[in-house]
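Taking it in order: structure first as structure tokens, then the write-up.
Quick note on labels: first sequence line is chain A, next is B, and so on, each numbered from 1. Only this structure's heavy atoms are used, side chains among them; waters, hydrogens and symmetry mates stay out.
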Amino acid sequence: MVLDWSTEKIKAFRRALLDWYDQEKRDLPWRRDHDPYHVLLSETMLQQTQVATVIPYYEHFLQLFPTVAALAKAPEAQVMKAWEGLGYYSRARHLQLAAKQVVLDFGGLFPETAAELRTLAGIGPYTAGAIASIAFNQPEPAIDGNAFRVFARLLKIDADITRPQTRQVFDDLIRQLIDPQRPGDFNQAIMDLGSSYMRAKDPDPAHSPLAAFDQSYLSDTVLDYPVKSKKKPPVVIPYFALVVHSPQGYLLMQRPRTGMLGDLWMFPLVDRSALPAASLTAQLTEAAAQFAAETGVQLPFTDAGKPLVKHTFTHQQWQLTLIEAASPAFDLAVLPARWVAEADLATVALPTVQKKLFKALAVGGMK
DNA sequence: CAACCGTGGTT
DNA sequence: TAACCAAGGTT
């Protein structure tokens, strides 16, 4: 799509945006320099995650893994532990994979083009554009939720931003507007604008430095943009959480690398919706049978008498009933499982839902 | 392409 | 409070 703005108008737009950014840009840890590793780390953590949440994780992660080489050679378990609580855990695995790719495929130096950056694990069109523009000064759009919202409002773009093909519409338009001298600052200024005057809720378009360019503001239709379709509600799944405690600690299983909470450690779960029996007693027996089939150990599980633990993810709501059995320690060598004493809880990466389960049991000072 | 993948904050 | 939102990527 061709933008019908004059050259003068485009220059005035860039000037208004960058002058404002020079005065008002946020002071953020990842803006201390333009190191591509710092940009990659911050952009990855910021995916679908708020700035205030990311800041302490970013600082801690950089202390543990100061360079891309240090991250590449770190134990994966330590990387996952550093990501604990941040969510979308495949980001952590992909980030370390990307670090290894930089070391092995690019001699330890980040590639500088968006196309090459896209070959790194976990780097999609947004993150590639962000690194290329911020670290390497290339005129690449970085189209995140802010950019979608800001340009949808500025230009009154009606395309549904949840549809993949819509990205191209915005990409074409932003390429005509991006400042060729300061593309990184241009992209970051759009993000700052999208989190302030042009935020999703309760925006203040009248005081935006781009108010004069904002077609939605000028027509009093700001909240009509961006256009996006609604998400489906989460599916409810009932589980038993199997609490097996021995003198060596609690039995935790490492979840499969793919799927929900991949690589993290949890109590074994049994999907109750897959159990045929109706009564609680019959379901406890069936859960014990499934546990025995997996471990070779038959244990008498009983209801732990704890309240139902609920945890809602993007697409699922888990309703967890704690059931428990005491046991001597037994061999777990053939399973992705281990006994974890309370003192060792700090050494394994636990998802938030598992911390809720420990809290319900009043274990490890979790609250 | 649509579905999947976490968590915490806000209204 | 249920719904929505927050610097997306992978399959």
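The pair A:D192-A:R26 meets the salt-bridge criterion, with a side-chain N (NZ, NE, NH1 or NH2) lying under 4.0 Å from an Asp/Glu carboxylate O. Between A:E59 and A:R32, at least one side-chain nitrogen of the basic residue sits less than 4.0 Å from a carboxylate oxygen of the acidic one, meeting the salt-bridge criterion.
Annotation: C:dG9 and B:dG8 have their P atoms spaced 22 Å apart (nearest Å). Using atom P as the reference point in both B:dC4 and C:dA6, the two lie 23 Å apart (nearest Å). If you take atom C1' in C:dT10 and the same atom in B:dC1, they sit 12 Å apart, rounded to whole Å. For the P atoms, the distance linking B:dA2 with C:dA7 amounts to 23 Å, nearest Å.
For the pair A:H311 NE2 and B:dC5 C1', the interatomic distance rounds to 12 Å; values are reported in whole Å. Rounded to an integer number of Å, the gap from A:H315 NE2 to B:dA2 P is 13 Å. Summarising the geometry, the separation between CG on A:L264 and P on B:dC5 is reported as 14 Å, rounded to the nearest angstrom.
Between A:F213 and A:F13, the angle of the ring planes goes over 60°, which puts this pair in the perpendicular group of the 30/60° scheme.
Counting non-hydrogen atoms under 4.0 angstrom, A:L86 reaches a base of the nucleic acid. Note on A:P233: nothing from the nucleic acid sits closer than 4.0 angstrom, heavy atoms only.
Where A:T312 and A:D202 meet DNA chain B, the nucleotide closest to each residue was compared, and A:T312 sits on the side nearer the 5' end. If A:K232 and A:M260 are placed on DNA chain B by their nearest nucleotide, the residue sitting closer to the 5' end is A:K232.
Looking at A:D22, A:N137, A:N187 one by one, the single match for side-chain hydrogen bond (donor to acceptor under 3.5 Å, both in side chains) with A:R182 turns out to be A:D22.
Summarising the base pairing, C:dG9 is matched to B:dC4 through a Watson-Crick or G-U wobble pair whose two defining distances lie under 3.5 Å.
Counting only residues at least two apart or on different chains, the side-chain hydrogen bond (donor to acceptor under 3.5 Å, both in side chains) pairs with a member in residues 266-284 of chain A are A:D271-A:S273, A:R272-A:Q283, A:R272-A:T321. Judged as a side-chain hydrogen bond (donor to acceptor under 3.5 Å, both in side chains), the pairs with a partner in residues 47-56 of chain A (not counting sequence neighbours) are, in order, A:Q47-A:T127, A:T49-A:R91.
Distances shown here put a side-chain N or O of A:Y89 below 4.0 Å from the OP1 or OP2 atom of B:dT7.
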How would nucleotides 4-11 of chain C be written as a contact map, 5' to 3', with B for base contact, S for sugar-phosphate-only contact and - for no contact, using protein heavy atoms under 4.0 Å? BSBBBSS-
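Judged by distance alone, with hydrogens and angles left aside, the side-chain atoms of A:Q176 form a donor-acceptor pair with the main-chain N or O of A:L3 at under 3.5 Å.
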